[in-house]
Number of protein chains: 2
Amino acid sequence: MKLHERLRELRSERGQRLKDVSEIAGISIPYLSDLERGRTNPSLETLQTLAAAYDLSVNDLLAPVEFYGDASDSALPKGLADLLADPVLGGHITPDWVSSLSRIELRGKRPQTKEDWYDIYRNLKRILE
Amino acid sequence: MKLHERLRELRSERGQRLKDVSEIAGISIPYLSDLERGRTNPSLETLQTLAAAYDLSVNDLLAPVEFYGDASDSALPKGLADLLADPVLGGHITPDWVSSLSRIELRGKRPQTKEDWYDIYRNLKRILE
DNA sequence: AATCGTTTACGGTCAAGACGTAAAACTGGC
DNA sequence: GCCAGTTTTACGTCTTGACCGTAAACGATT
């Protein structure tokens with residue numbers, strides 16, 4: 001997901017108009033429109049005021065955004081790829097689950113084996129679906 | 001922690017010189033120095049190349065950085081905040097775990113109750129630690 | 001002190017962030 | 001259909017500040 005898509009998502013999620021966010025954030029309407037269409041990028045300072053307008057931290061605002069060369073989306077975690085390749089255990093796992101699972105990590109550490117991934121998958125599935 | 005402190009931290013952690021990072025990232029030495037002293041802020045694009053130079057995602061680079069008006073607590077998923085407030089179940093959960101758990105979602109959906117969060121936490125902890 | 005390696009200070013430039021105005025694209029009512 | 005009102009987009013302009021090059025300052029070693 002690109003940054004400008006994220007920005008539009010946040011606003012439409014809340015059912016706000018450009019005018020509303022513009023007034024809250026103190027940013028002009030045309031510029032907001034430009035940002036949401038990817039015509040230009042916000043400075044870090046503008047990012048902060050936008051995050052504040054949506055009551056988010058900058059980190060949370062950026063969390064779903066894939067930057068070019070992001071380590072996480074270039075390759076699947078090792079064991080997860082194995083799980084997906086396993087027709088019986090992982091053959092039916094959908095792409096949204098893959099992207100959800102791919103984000104799991106603690107200080108750069110991740111599950112290693114396909115069994116571990118499967119275990120996590122089943123546990124999350126039980127709770128989230 | 002300010003962004004410029006974070007940048008200096010990353011470089012000194014790795015024992016690199018301005019020259020080293022400069023060559024890896026393709027950024028001039030004086031400008032790197034400026035960034036690390038807070039004389040100027042990087043553009044989002046420069047942030048990405050810096051994150052790549054340190055082999056981090058942009059989110060991980062920014063994770064310890066406190067922006068003005070950070071509202072990270074308000075962005076915590078509902079039940080997760082409850083879990084953290086629970087002294088016996090969640091009192092000992094560390095910040096890196098919180099940020100790790102916060103990323104869990106499927107198509108915008110997340111665990112709702114503190115019991116669900118705790119269940120996931122224990123399951124992940126067993127595998128990741 | 002002199003030389004070498006590293007970091008900082010300082011100006012200049014030019015891309016692009018941000019805005020204002022105005023046109024375009026909806027939306028609903030008549 | 002047409003028209004009024006609202007919301008979004010296109011475009012031109014200004015101005016800030018990101019980024020660089022050069023040179024000076026700092027430090028260590030001999």
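So you know, we letter chains A, B, ... as the sequences are listed, proteins then strands, and number each from 1.
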May I ask you to say what [X] touches in the nucleic acid, namely base, sugar-phosphate or nothing, with a heavy-atom cut-off under 4.0 Å?
X: Ser43(A); answer: sugar-phosphate
X: Asn41(A); answer: sugar-phosphate
X: Leu35(B); answer: nothing

What integer distance in Å separates [X]:[atom1] from [N]:[atom2]?
X: Asp20(A); N: dT7(D); atom1: CG; atom2: P; value: 8 Å
X: Ile29(A); N: dC11(D); atom1: CD1; atom2: C1'; value: 16 Å
X: Lys19(A); N: dT27(C); atom1: NZ; atom2: C1'; value: 17 Å
X: Asp34(B); N: dT22(D); atom1: CG; atom2: P; value: 16 Å
X: Ile27(A); N: dG20(C); atom1: CD1; atom2: C1'; value: 16 Å
X: Glu23(A); N: dC19(C); atom1: CD; atom2: P; value: 14 Å
X: Tyr31(A); N: dA16(C); atom1: OH; atom2: P; value: 12 Å

Does [X] make a side-chain N or O approach to OP1 or OP2 of [N] shorter than 4.0 Å?
X: Ser33(A); N: dT9(D); result: yes
X: Thr46(A); N: dA18(C); result: yes
X: Arg39(A); N: dC19(C); result: no
X: Arg11(B); N: dT7(C); result: yes
X: Arg37(B); N: dC10(C); result: no

Residue mapping more 5' on DNA chain C - nearest nucleotide basis, Glu36(B) or Glu45(B) | Glu36(B)

Give the nucleotide from the list [options] with an atom nearest to the side chain of [X].
X: Leu18(A); options: dG21(D), dT9(D), dT7(C); value: dT9(D)
X: Arg17(A); options: dC19(C), dC20(D), dT8(D); value: dT8(D)
X: Pro30(B); options: dC20(D), dA9(C), dC19(C); value: dA9(C)

With a 4.5 Å heavy-atom cut-off, do Leu56(B) and Leu10(B) have their side chains touching?
-> yes

Tell me, with the steps shown, if Ile27(B) and Ser22(B) meet side-chain contact (heavy atoms from CB on, under 4.5 Å).
-> CA-CA 5 Å; Ile27(B) 288 175; Ser22(B) 159; 5.5 Å; no

Salt bridge or not between [X] and [Y]? Use side-chain N to carboxylate O under 4.0 Å.
X: Lys2(A); Y: Glu5(A); answer: no
X: Asp119(B); Y: Arg122(B); answer: no
X: Arg39(B); Y: Asp34(B); answer: yes

